[in-house]
Amino acid sequence: MEDSIDMILQDPGRVCSTSRPHPVLSACTGALLTGLYGVWRMFCMPGSRKIPLNLLVPYLPSSKGQTMNIMQLLEGRTGCLADLGSGDGRLVFAASSAGFRCTGFEINSILVAYSRSKAHFKGVPSSQATFVKKDFWKTDLSSYNNVTAFLSPGLMEVLGEKLLKELPDDACVIAARFPFPNWPLRQSVGSDLDETFAYDISTVRSHLRKGPKIVEY
């Protein structure tokens, strides 16, 4: 081992080459990285010019486990469902097949086109599943009695304020992976990354109106 170390110290060029990379190779590598970044930004960070940075959420498709857990929490419910950030539409298709009238809100035009094409090939009518290129933050959601969301933990409190202002009392809200802070939970299904949380808006409003209990000593 000592002989090997001595050889490296005597001739460091064997380990660390000091030659510069070929300019053509450097250019190709740079172009490839730029292209990959463009694709990533197009899919994962769409609409960045229209939506404030603090409200942007990268595209991350729901897992099969998350979708199954959400559908389990929706059992026994009917009506209109809004999926906030519908991505490739997998949850909308699952809910529409269960009888919900669904609207998928998505700002990525490529994902909206993909979802619409998939709905066309699957023969799903627009009365059951509609995909709109809209910013749900600027949309009134009062006509929906079911809302699903898979966003980021930093946005859940802000989203909660919006939903409490707009949704009817009989509405059910289901969050994937990240729960709403300070909201009383009706039920949760799954574990770890696939855990989903269900909330009844009437219960949440009643709980928040009561406020924190004051303990007297």
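The chain is numbered in sequence order, starting from 1. Please read these numbers as outputs of a predicted model, since none were measured by experiment.
Sorted by first and then second residue, the salt bridge (Lys or Arg N to Asp or Glu O under 4.0 Å) pairs involving residues 156-166 (not counting sequence neighbours) are K162-E166. Residue pairs meeting the salt bridge (Lys or Arg N to Asp or Glu O under 4.0 Å) criterion with at least one partner in residues 182-202, sequence neighbours excluded, are R186-D200. For the salt bridge (Lys or Arg N to Asp or Glu O under 4.0 Å) condition, no pair includes a residue of residues 64-83, sequence neighbours left out.
In this structure, the separation between CG on L151 and CZ on R177 is 12.0 Å, given to the nearest 0.5 Å. In this structure, CD1 in I107 is found 10.5 Å from OG in S86, a value given to the nearest 0.5 Å. In this structure, OG1 on T203 lies 11.0 Å from CH2 on W183, to the nearest 0.5 angstrom. Taken from OG in S152 to CG in L159, the straight-line distance is 10.0 Å, to the nearest 0.5 Å. If you take CZ on R116 and CD on E106, they are separated by 11.0 Å, rounding to the nearest 0.5 Å. Atom SG of C172 and atom CG of N145 lie 9.0 Å apart (nearest 0.5 Å).
Counting only distance, with no hydrogens or angles, the side chain of Q66 and the backbone of L193 share a donor-acceptor pair below 3.5 Å. Within the 3.5 Å criterion, the main-chain N or O of C102 finds no donor-acceptor partner in the side chain of N146.
Remark: S143 pairs with no residue by the side-chain hydrogen bond (donor to acceptor under 3.5 Å, both in side chains) rule, at least two apart or across chains. Take D169 and apply the side-chain hydrogen bond (donor to acceptor under 3.5 Å, both in side chains) test, not counting sequence neighbours, and it matches R205. Among residues two or more places apart in sequence or in another chain, the side-chain contact (heavy atoms from CB on, under 4.5 Å) test is passed with P153 by F178. S126 meets the side-chain contact (heavy atoms from CB on, under 4.5 Å) test with T130; sequence neighbours excluded. Residues meeting the side-chain contact (heavy atoms from CB on, under 4.5 Å) test with S206, sequence neighbours left out: R209, K210. With sequence neighbours left out, the side-chain contact (heavy atoms from CB on, under 4.5 Å) criterion links A171 to L167, P168, I201. Evaluation of the side-chain hydrogen bond (donor to acceptor under 3.5 Å, both in side chains) rule for Y199 yields no partner, not counting sequence neighbours.
A 4.5 Å side-chain heavy-atom check between M156 and P181 finds at least one atom pair inside the cut-off. Using a 4.5 Å cut-off on side-chain heavy atoms (C-beta onward), D170 and S202 make no contact. The shortest side-chain heavy-atom distance between V204 and P184 falls under the 4.5 Å cut-off. With contacts defined as side-chain heavy-atom distances shorter than 4.5 Å, the pair W137/L84 does not qualify. Residues L164 and L208 meet the side-chain proximity criterion, which asks for heavy atoms closer than 4.5 Å. A heavy-atom distance below 4.5 Å is not found between the side chains of T103 and F136.
Residue L155 is grouped with residue F197 when hydrophobic side chains (ILVMFWY) are merged at heavy-atom distances under 4.5 angstrom, including chains of intermediate members.
In the hydrophobic clustering, where aliphatic and aromatic side chains (Ile, Leu, Val, Met, Phe, Trp, Tyr) are joined below 4.5 Å either directly or transitively, V112 groups with V92, F93, V124, F131. Hydrophobic cluster membership of L81, counting Ile, Leu, Val, Met, Phe, Trp and Tyr whose side-chain heavy atoms lie under 4.5 Å apart directly or via other members: I70, M71, L73, L74, L91, F100, I174, V189.
Across every non-hydrogen atom of A94 and T67, the tightest pair is CB-CG2, 3.9 Å.
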